[in-house]
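Data block below; observations after.
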Amino acid sequence: MNREQFENTILPMQDRIYRYSASILGDLSAAKDVVQEVFLKLWKGREKLDEIKNIEAWCITITKNTCFDRLQSPKNKSVGLEGVSLGLFAGGATDEKTEEEDLLGYLETLVKELPELQQNIFRMRDLMGYSNKEIQSLLELTDNQVKVNLCRARQKLKTALIKRMNYGVTN
Amino acid sequence: MELPTKERLMEKYWMGESTSADEDALKALSLKRPELFSAEELNYLNGIHQVQELTLGEDFGKNLVDEFVEAEKEEAISSQVIPIWKKSWMRVAASIILLIGMLFSFQQFNSSKILSDLSAEEVAAYEETKEALLLISQKMNKIKSVTAAFAKFDETQAKIKPNINLRN
């Protein structure tokens, strides 16, 4: 893959990759670093990118792995879901985190309780902006599997929200 | 009027049946009439909308590729083959000296056999040579004593000779 092909195929995915990693890490600066890291990996291996059947799915997998590596690395222990303060409920955003990150953290505390496939489908559908059909092709699932898992994911999120409303959970 | 719409849209969303048009309508409603939603619902929807709007800007990727290309060029220059002696001649010289030293020591070690390493034939030859050298040494000592006697004779003769000349 030459530079032009790389720019036409890989770069258009930058915002989706950014959203995906931001939703996992709950930290916009770390999410940006992940996009750079993922692109660097892809650039270094650009000679072999043509051989990959579904490059978009492959990118998502690399991004997911890079994010989880970051969360597991001791250096980045402070970055991540547990470190995100839920400022909106606690009475405003904190100094370290932006309002966006507070919302990300709030969302992530709910999403992380879902099974992995449901998390993935939810992130792709609601956060990255993929259609059901695109998810079907990227994750190699049937139309029904995507619908069922999306429905279950949202139902669980709804239950979690209701629980929070009833018990006044603040974080 | 808007409350039933909100309930209907939320329900469709929770069931995973909402279209993108429904989701757009839900977003617009949450912005226009936030009071229709609970705080939890609003935070949830706002969280989703915030993520959906995240963008790195058009130039981000292109600048990144420029940086990758530049880094590759620099890497290529720094890894060009430079004659090893130009890089660190002192280290090379030290290595050569060390190598020669090791080679010399190895040769010395190999050439200095100990008696137990020799064959019976070699030991016998060694013993015979030793005896021969001992014999030569003894003979040499004898010659030395004879030579010493001659020297004493010469010395005595030298002392006597002037006296004989005086008498003549």
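Throughout, a chain's letter reflects where its sequence line sits, starting with A, and its residues are numbered from 1. Scope of the values below: all heavy atoms of this structure, side chains included, with no hydrogens, waters or symmetry mates.
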Check the hydrophobic clustering (I, L, V, M, F, W, Y; side-chain heavy atoms under 4.5 Å; chains of links allowed) and say if B/Phe37 and A/Leu157 are grouped together.
yes

Any carboxylate oxygen within less than 4.0 angstrom of a Lys/Arg side-chain nitrogen, looking at A/Lys163 and B/Glu40?
no

Quick check: does any side chain N or O of B/Gln52 sit under 3.5 Å from a backbone N or O of A/Asp126, one acting as donor and the other as acceptor?
yes

More than 12 heavy atoms of other groups within 6.0 Å of A/Lys41 NZ
yes

Linking I/L/V/M/F/W/Y whenever their side-chain heavy atoms sit closer than 4.5 Å, directly or via other members, would A/Leu139 and A/Val148 fall into one cluster?
no

Is it the side chain or the backbone of A/Leu11 that comes within 4.5 Å of chain B heavy atoms, both, or neither?
side chain

Please tell me whether B/Leu45 and B/Leu31 are part of a single hydrophobic cluster in this structure, the criterion being side-chain heavy atoms less than 4.5 Å apart.
no

Charged N to carboxylate O below 4.0 Å: is that the case for A/Arg46 and B/Glu72?
yes

Give, for atom CG of B/Leu56 and atom CG of A/Leu28, the distance between the pair rounded to the nearest 0.5 Å.
9.5 Å

So for atom CD, which belongs to B/Glu121, do other residues, nucleotides or ligands contribute more than 12 heavy atoms lying within a distance under 6.0 Å?
no

Would you mind checking if A/Arg125 and B/Glu23 are paired as a salt bridge, meaning a charged N to carboxylate O distance below 4.0 Å?
yes

Distance (rounded to the nearest 0.5 Å) between A/Leu40 CG and B/Leu64 CG:
8.0 Å

Would you find a donor on one side and an acceptor on the other, under 3.5 Å apart, between the side chain of A/Gln14 and the backbone of B/Phe60?
no

Interface moiety of A/Arg3 toward chain B, non-hydrogen atoms closer than 4.5 Å:
side chain

If you count heavy-atom pairs under 4.5 Å with chain B, which of A/Lys156, A/Lys44, A/Glu7, A/Gln36 comes out on top?
A/Gln36

Give, as side chain, backbone, both or neither, the part of A/Leu110 having an atom under 4.5 angstrom from any heavy atom of chain B.
side chain

Within 6.0 Å of CD in A/Glu116, more than 12 heavy atoms from elsewhere:
no

To the nearest 0.5 angstrom, please state how far the CD1 atom of A/Ile162 sits from the OG atom of B/Ser38.
9.0 Å

Would you compute the distance between atom CG of A/Leu107 and atom NE2 of B/His49 and round it to the nearest 0.5 angstrom?
10.5 Å

B/Thr55 side chain reached by A/Tyr18 side chain, heavy atoms, under 4.5 Å:
no

If you round to the nearest 0.5 Å, how far is OG1 of A/Thr159 from CH2 of B/Trp14?
8.5 Å

Flag side-chain contact, heavy atom, 4.5 Å: A/Arg154 against B/Met15:
no

Let me know if B/Asp66 has heavy atoms under 4.5 Å from chain A in its side chain, its backbone, both or neither.
both

Region of B/Ile48 that comes under 4.5 Å of a non-hydrogen atom in chain A:
both

Do A/Leu138 and A/Leu117 land in one hydrophobic cluster if side-chain heavy atoms of ILVMFWY residues count as linked below 4.5 Å?
yes

Verify side chain to side chain contact (heavy atoms under 4.5 Å, CB included) between A/Lys158 and B/Glu11, making sure each step is shown before the conclusion.
CA-CA 10 Å; A/Lys158 181 188 176 187; B/Glu11 203 45 40; 3.3 Å; yes

Can you tell if the side chain of A/Trp43 reaches within under 4.5 Å of the side chain of B/Val69, non-hydrogen atoms only?
yes

Which atoms of A/Lys147 are under 4.5 Å from chain B, going by heavy atoms: the side chain, the backbone, both sets, or neither?
neither

Within the structure provided, determine whether B/Leu54 and A/Tyr20 are in side-chain contact (heavy-atom separation under 4.5 Å).
no

